[in-house]
Visitor: 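Mind having a look at this structure? Questions to follow.
Letters A, B, ... mirror the listed sequences (proteins, then strands); counts begin at 1. Values reported hereafter were calculated over all heavy atoms of this structure, with side chains retained and with hydrogens, waters and symmetry mates removed.
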There are 2 protein chains.
Amino acid sequence: PDPDAAAVQAAMARNGQLTKPPGALGRLEDLAIWMAGWQGTDRPHVDAPQVIVFAGNHGVTARGVSAFPAAVTEQMVLNFRAGGAAINQLARCFGARMDVHALSLELPTADFTIQPAMTEAELLEALQTGWDAVDPASDLLVTGEMGIGNTTSAAALAHAICGGVPADWVGRGTGVDDAGLALKAQVVAEGVALHAQARADGIEALRCLGGRELAAMAGAILRARHLRIPVLLDGFICTAAAASLDAAKPGALDHCLAAHVSAESGHAPLLAHLGKAPILSLGLRLGEGSGAALAIGVIKGAVACHSGMATFAEAGVSEG
Amino acid sequence: PDPDAAAVQAAMARNGQLTKPPGALGRLEDLAIWMAGWQGTDRPHVDAPQVIVFAGNHGVTARGVSAFPAAVTEQMVLNFRAGGAAINQLARCFGARMDVHALSLELPTADFTIQPAMTEAELLEALQTGWDAVDPASDLLVTGEMGIGNTTSAAALAHAICGGVPADWVGRGTGVDDAGLALKAQVVAEGVALHAQARADGIEALRCLGGRELAAMAGAILRARHLRIPVLLDGFICTAAAASLDAAKPGALDHCLAAHVSAESGHAPLLAHLGKAPILSLGLRLGEGSGAALAIGVIKGAVACHSGMATFAEAGVSEG
């Protein structure tokens, strides 16, 4: 579905009557009107945001692409469930429901430099997990991830979809050194060369080079579109997963905003490829949905102003 | 007073133990540690933020420098009191107490192209109003303003303090056209020429070229320093008022963050003069404290992560 054109028109008309000079709330005005279109009302709201964190393990970690051991994925899932991670604090801070889905952590994806990361059945299962994880009653969605090795997977996906060279898309992830960075570029080059046929097909690229948590994010983002729930894209990995949907069908991410631009070096060019201007730029590079959860606050502020302010007529203020 | 060095050290130590790769929360980590220093604790908090909006009228409006009539200042004060303005929605959204102080609206400042905007007694009264308005129990302060004509006053103040030429500091305010912009530059040039002696003295510049609401913001920011309450600076007018304190005493704004960079053209160079990097950049140009109130959400997120996250040891997560 597309945004509700009548709601957009009504929201624009309302925006012009609010007690402020025209355009004085800058991007907050655009964000509120955009929310109005997807929510189908001239009074958009953020009363029930949902944060979903998906976790998966990656066979490509066998190549030594991460500064952390793969066991950390599961340890962090326990941390999410115990409420101790950054995303827990941010979800609570902005009044979001938070769900955690660990996807077959005991069964990492295959090393994509040797074979496709997932079988078709595995891909479908992960997409379905994401699809089912979205609460239809939520009014704003954040999809986050945890998966040791997944910046390498995301870089391979971005390289397959956007082109360029591997160095355009690999970054330091959780903190690899220069040698680690060169290794990541090598691994990405091998993977994309092996799965060259997938470059023309976003979903096939997701299967061959992605991971379960990336596929689950894509499934959730797709479900949100069907429910017309606006989505805040998080960092590089979330955006790479989303880019597979855009590659499959241009416009598939029209219901998504870029919440922030992360410090992971491939994120800014990936957002540029998607034509999305980030709301925040604070040097985050944690994943988990953290940057997107922080942007819930900005969206809350935007819709609070739009839906709560008095008009010139209501307040008896001269329009200048 | 200065930040608590022991609290900063303790907060840095804690930050290094939290369950995330080092530096992965980017600027949020710096903000939390900075808050720790001013609040004197390794677990900073934003439980009682305060927004204070000061309103004043400006004699220089007789020169036709604003797109809105001067009567709008009082009309907007009524709107603030009725809860209908943007700042009311943002203060509520981020759990801030909001206070409104109208400063002698029936008595505009003098036209600064003819004589000093305020007498010494008037300046002191406005500074005192700001000083007294700060709640000592608040843990984060936003000072906002309303005053038709006050971008011209702020531009004159910025020009007097920072130098350059008037065109560096005048902007479109609530929405003047090209002729209005040229007139503002002319008025600023006249005012700064008339009060040339004030250029070396931030507080005298504030008296001659500022306004009651600017002086009140300066008084509140000064009081916050004495109470070690961190301050979020809002847009161009708030920052110009603050710059008078910095001109009077370098370092006087060490307890202040630049909440955002506004669309008012003089704001970015003024922040650069003060050496402050904005947290948000969303094209706002409303004043009222709106951009700073929005940034309360970012600070809340930063301290929530810092003070609420589990350490590696607590969560049983490997440190890589």
Visitor: Please look at Ala86(B) and chain A and tell me whether the side chain, the backbone, both or neither of the residue comes under 4.5 angstrom of a heavy atom of that chain.
Guide: both

Visitor: Contact part of Ile279(A) toward chain B, heavy-atom cut-off under 4.5 Å: side chain, backbone, both or neither?
Guide: both

Visitor: Between Arg285(B), Glu288(B), Lys20(B), Glu74(B), which has the largest tally of heavy atom pairs under 4.5 Å with chain A?
Guide: Arg285(B)

Visitor: Counting heavy-atom pairs under 4.5 Å to chain B, which of Ala277(A), Ala310(A), Ala85(A) comes out on top?
Guide: Ala310(A)

Visitor: Select, from Ala315(A), Ser281(A), Gly308(A), the one with the greatest count of heavy-atom pairs under 4.5 Å involving chain B.
Guide: Gly308(A)

Visitor: Rounded to the nearest 0.5 Å, how far apart are CG of Asn79(B) and CE of Met309(A)?
Guide: 7.0 Å

Visitor: Measuring from atom SG of Cys305(A) to atom CG of Leu294(B), what distance do you get when rounded to the nearest 0.5 angstrom?
Guide: 8.0 Å

Visitor: What residue in Ala24(A), Gly26(A), Gly287(A) has the most heavy-atom pairs under 4.5 Å with chain B?
Guide: Ala24(A)

Visitor: Find the distance between CZ (Arg92(A)) and NZ (Lys300(B)) and round it off to the nearest 0.5 Å.
Guide: 13.0 Å

Visitor: Please classify the contact between Leu25(B) and chain A as side chain, backbone, both or neither, with a heavy-atom cut-off of under 4.5 Å.
Guide: both

Visitor: If you count heavy-atom pairs under 4.5 Å between each of Gly297(A), Ala82(A), Ala295(A), Ser290(A) and chain B, which one has the most?
Guide: Gly297(A)

Visitor: Supply the atom-to-atom distance Glu29(A) CD to Leu282(B) CG, rounded to the nearest 0.5 angstrom.
Guide: 12.0 Å

Visitor: What distance separates Leu28(B) CG from Leu286(A) CG, expressed to the nearest 0.5 Å?
Guide: 9.5 Å

Visitor: If you count heavy-atom pairs under 4.5 Å between each of Ser307(B), Ala304(B), Gly175(B) and chain A, which one has the most?
Guide: Ala304(B)

Visitor: Any idea which of Gly283(B), Cys93(B), Gly83(B), Pro21(B) has the most non-hydrogen atom pairs under 4.5 angstrom with chain A?
Guide: Pro21(B)

Visitor: About how many Å separate CG of Asn88(B) and OG1 of Thr19(A), when rounded to the nearest 0.5 Å?
Guide: 8.5 Å

